[in-house]
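Computed from a predicted model, the values in this text were never measured in an experiment. Residue numbers begin at 1 in each chain, while the letters A, B, ... track the order of the sequences.
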Protein chains: 2
Amino acid sequence: MNTELTSLLRAAVGDAHVLTHEDPSADLSAWENDWRKRAQGRALAVVRPGNAKEVAAVVKACAAAGASIVPQGGNTGLVVGSVPDDSGTQVVLSLGRMQAVRAIDAANLTVTVEAGCILQNLQTTVDEAGFLFPLSLAAEGSCTIGGNLATNAGGTQVLRYGNARELCLGLEVVTAQGEIWHGLTGLRKDNTGYDLRDLFIGSEGTLGVITAATLKLYPQPAAQLTAWAAVPSLEAAVSLLGLAHQRLSAGLTGFEVMGQFALSLVNKHFPALRVPLWAESPWCVLLENSDSESETHARGQLESLLETAFEQGIVSDAVVAESLAQANGLWHIRESIPLAQAEEGLNIKHDISIPVSRIPAFCTETDALLQREIPGVRLVNFGHLGDGNLHYNVQAPAEMDARAFLQTEEERVNTLVFDMVARYDGSISAEHGVGSLKAAKLPHYKDPVALSLMRAVKLALDPDNLMNPGRVLTP
Amino acid sequence: MNTELTSLLRAAVGDAHVLTHEDPSADLSAWENDWRKRAQGRALAVVRPGNAKEVAAVVKACAAAGASIVPQGGNTGLVVGSVPDDSGTQVVLSLGRMQAVRAIDAANLTVTVEAGCILQNLQTTVDEAGFLFPLSLAAEGSCTIGGNLATNAGGTQVLRYGNARELCLGLEVVTAQGEIWHGLTGLRKDNTGYDLRDLFIGSEGTLGVITAATLKLYPQPAAQLTAWAAVPSLEAAVSLLGLAHQRLSAGLTGFEVMGQFALSLVNKHFPALRVPLWAESPWCVLLENSDSESETHARGQLESLLETAFEQGIVSDAVVAESLAQANGLWHIRESIPLAQAEEGLNIKHDISIPVSRIPAFCTETDALLQREIPGVRLVNFGHLGDGNLHYNVQAPAEMDARAFLQTEEERVNTLVFDMVARYDGSISAEHGVGSLKAAKLPHYKDPVALSLMRAVKLALDPDNLMNPGRVLTP
């Protein structure tokens, strides 16, 4: 127990905001454990600063003591990047108390918000002010803006609005030296030097701590319409995407693809959801059209698009949601695939991206490879086709015990899939990041010059390797 | 003369592609002189490699000899960032021979192109394939993609499509060590480590040499309509912008503002252009609506927007172009302001950005300050209001000699304007970059922590300061 450090931490943020195992009544498990139960850590302390100056004081204290720091937002990440290791020597720096939406600038279409603000709270606040903050993902009820930016979160609206990176204009960051970079600009153009903002975004807390951000807002669309289409092949889905880009332009805010087996699992485990059109078609697509004009206009556009697609033979059947409730129902089916998968049993998950044009060939070849290697294997394939991002998940053969399948096959399946991703110029982590989970894989799949540039940047900004060590880059 | 280095360079790229002053018939002035005549350099050699491997060999040869490298594209920059100093020791690395458009991936909506490709040639090539590459700026007939990315170029379509940064997905870069980073990805999502792409974009050749890029394409709009509106004040222009965002959403591809004095100069020096509505109004606005549907639809939207704006009193009069020729004519007026200014005489140019919401107050206060300091001074104010980017230019009082005005007042006017920009949380270089011209100013206007982070990155990636030294960061 490093008592000198903990008293410095208490001095920095106040006694009430430093939790340690010395206090037998303190329960640190929410900060120490990965929510998917893949890692259980033990922290020296959990520190909860209330502002950037306190964050800076915490970082300085840790740096002086040589204690490493694990920044943490909502702790909802998927790659084990925000929990401490089990050494009992790391300090968890939780941004959870820094939740303020500092200011909305209506004419500038920006909002400035602290890192610990929960995504959904930000969505609601700006919605009430008449604006849209378009970042949207499954964890939005618990994840925080700081974590979204540190991991460059994706989600369902990337096709139109980009990843978290594209939604951010300015940052406030505490460096590994405990200095505060005041970079909360709301400017859309600023060419005065290197792009530090994008260096911190997506660096997963390994270069510094994001404490606040200035983000883009958008006008709320006048209408949002959702359609569900059965398509005869993945090639047809890609053609439909091209047609939708052309016809709807930036109105196209969602384009999700779902394989027949994925939908069959939803149908099997959640029959009340009434999955449409899945039984006769190898793939279904969910399209969303957001319109600044009216619902009538949006519906006309979407129906005309689907008619043309039907004539071209790239859509075999389709429904357009008649109400917001029906639209939500269709999205709910899409979002229930992971749960249906879980009901079916453990499986091996992948979050990959491939150039859109090469996705059909990638799936054909990888499906065949896996089926050759593991007869009877079942592929739960779905994702954000518009972004080239597939959740290409691998489920045990029906007759095989899922736990045993994972134990014996996970490593081999990962290698088979990732090697194929590399052959198709794809990414082994499209939106979830690297964390601890994929850090050891990176050297095999990342360009060696890129890796050495990354190491040089890390060494320059955090020479003592205090910030979230072992994440992204292995020692 | 460093003969050992020049023979290494000749070996790397071939005799024909190394130009030196040893050859009395060689004319190096196109590579040595700033096109706005603000600097005249003398190079040790101009080297013109034909591919990334040759670029790498050039960089390695220079690094071994300790010679610094000035990467150069079209040499059309506005901040003296791409010409050598007058020492005769620097090597100009021209990307001009690397012009290939390597591949268009239609379904992925991407194009891969070499750094030396002229922007207009890229626009034309993808246009012929049915796509739009939206980067557009005055120098497009001579500037190159590599330079556009190295300086994060802006232009007239930023409002909808972003700066050069937002249009780029992947890069091929030769590092300061002469290694090639193969990062030509066409992925829209890739969270496998630090964002090196955005680190090189906008770094003005000081961290490495961009040799190729994979860029985003867009479907061509079905129609593009332009309107010209007189507005009673800059506040009204900002309100009109907000209304246009709401009504046209991403269809709003241009929103330019022009002050009365700026338009009066166009009217005076180019009367044939027939500037509309300028005489009775302090400000005019040019709006562009790009539509994926039809011209009729685009016209309906634009007319309805202007009607509402008229009712709200934020537009006093307006015309919508009846033909493409008329639309081009309106844009031509906007683009003629710098030429009209030049006809009127030398002036002090600024390329600043301010949060959109604060632009009216900034202009009121800065106009008053300058008029107080320099009685009779004339302000040529125009720019990309949608991006918060003003070309806030200062012209001598009518009775004063322009050259004398520049000599005595330029430094003082710059300081007055930049100090005010800083007070309004703006940027002293919105789209032109830093180069040599503003490098010495940066320490006064940039956050000190940001500057020290920039220096740390520079030292990490280019420890011997060989890449475009003295640009962006002063020694």
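Most heavy-atom pairs under 4.5 Å with chain A: of the set B/Gly242, B/Gly388, B/Gly433, B/Gly202, this distinction falls to B/Gly433. Listed options B/Gly193, B/Pro448, B/Ser304, B/Gly186 were ranked by heavy-atom pairs under 4.5 angstrom with chain A; first place goes to B/Gly193. Counting heavy-atom pairs under 4.5 Å between each of B/Leu461, B/Ile352, B/Val79, B/Thr185 and chain A puts B/Leu461 at the top. In terms of non-hydrogen atom pairs under 4.5 Å with chain A, the most contact-rich of B/Arg160, B/His432, B/Gln220, B/Glu166 is B/Arg160. Among the candidates A/Pro219, A/Ala450, A/Ala430, the residue making the largest number of heavy-atom pairs closer than 4.5 Å to chain B is A/Ala430. Between chain A and the options B/Asp425, B/Ile201, B/Asn163, B/Val238, the largest number of non-hydrogen pairs under 4.5 Å is found for B/Asn163. Taking chain B as the reference chain and counting heavy-atom pairs below 4.5 Å, the highest number among A/Glu179, A/His384, A/Arg165 is found for A/Arg165. Residue with the most contacts toward chain B among A/Leu169, A/Val434, A/Leu453, A/Leu199: A/Leu453 (heavy-atom pairs, distance under 4.5 Å). By number of non-hydrogen pairs under 4.5 angstrom with chain B, the leading residue of A/Leu184, A/Val158, A/Leu207 is A/Leu207. The candidate from A/Leu241, A/Thr151, A/Asn389, A/Asp351 with the greatest count of non-hydrogen atom pairs under 4.5 Å with chain B is A/Asn389. Comparing B/Lys441, B/Gln301, B/Lys438 by how many heavy-atom pairs each has under 4.5 Å with chain A, the most go to B/Gln301.
Here CG of A/Asp198 is found 11.5 Å from CG of B/Leu196. Values are rounded to the nearest 0.5 Å.
For chain B, the nearby part of A/Val472 is the side chain; its heavy atoms alone come within less than 4.5 Å. Contacts between A/Tyr218 and chain B at a heavy-atom distance below 4.5 Å are absent for every atom of the residue. Proximity to chain A (any heavy atom under 4.5 Å) is shown, for B/Leu459, by neither the backbone nor the side chain. With a 4.5 angstrom heavy-atom cutoff, A/Arg197 touches chain B only via side-chain atoms. Interface remark: A/Ile354 contributes backbone atoms only to the contact with chain B (heavy atom separation under 4.5 Å). There is no contact between B/Arg358 and chain A, counting heavy-atom distances below 4.5 Å. Interface residue B/Ile180: only backbone heavy atoms are found under 4.5 Å from chain A. Contacts of A/Leu248 with chain B are made by backbone atoms alone, with heavy-atom separations under 4.5 Å and no side-chain atom involved. Interface remark: A/Ser452 contributes no atoms to any contact with chain B (heavy atom separation under 4.5 Å). There is no contact between A/Val173 and chain B, counting heavy-atom distances below 4.5 Å. Using a 4.5 Å cut-off between heavy atoms, A/Ser203 contacts chain B through both its backbone and its side chain.
Partner A/Asn152 forms a side chain to side chain contact (heavy atoms under 4.5 Å, CB included) with one of B/Asp190, B/Asp195, B/Asn191 and no other, that one being B/Asn191.
Counting all heavy atoms, side chain and backbone alike, A/Ala456 lies closest to B/Ala460 at O-CB, 3.6 Å. In this structure, A/Lys189 and B/Ser353 approach most closely via the heavy-atom pair O-OG, 2.7 Å.
In this structure, the side chain of B/Thr192 does not engage the main chain of A/Ser429 through any donor-acceptor pair within 3.5 Å.
With respect to the salt-bridge test (charged N to carboxylate O, under 4.0 angstrom), the residues B/Asp387 and A/Arg188 do not qualify.
In summary, the side chains of A/His297 and B/Glu293 do present a donor paired with an acceptor at a separation below 3.5 Å, with no hydrogens or angles considered. A donor atom on one side chain and an acceptor atom on the other are found under 3.5 Å apart for B/Tyr194 and A/Thr206.
For residues 104-112 of chain A, the interface with chain B (any heavy-atom pair closer than 4.5 Å) comprises A/Asp105, A/Ala107, A/Asn108, A/Leu109, sorted by residue number.
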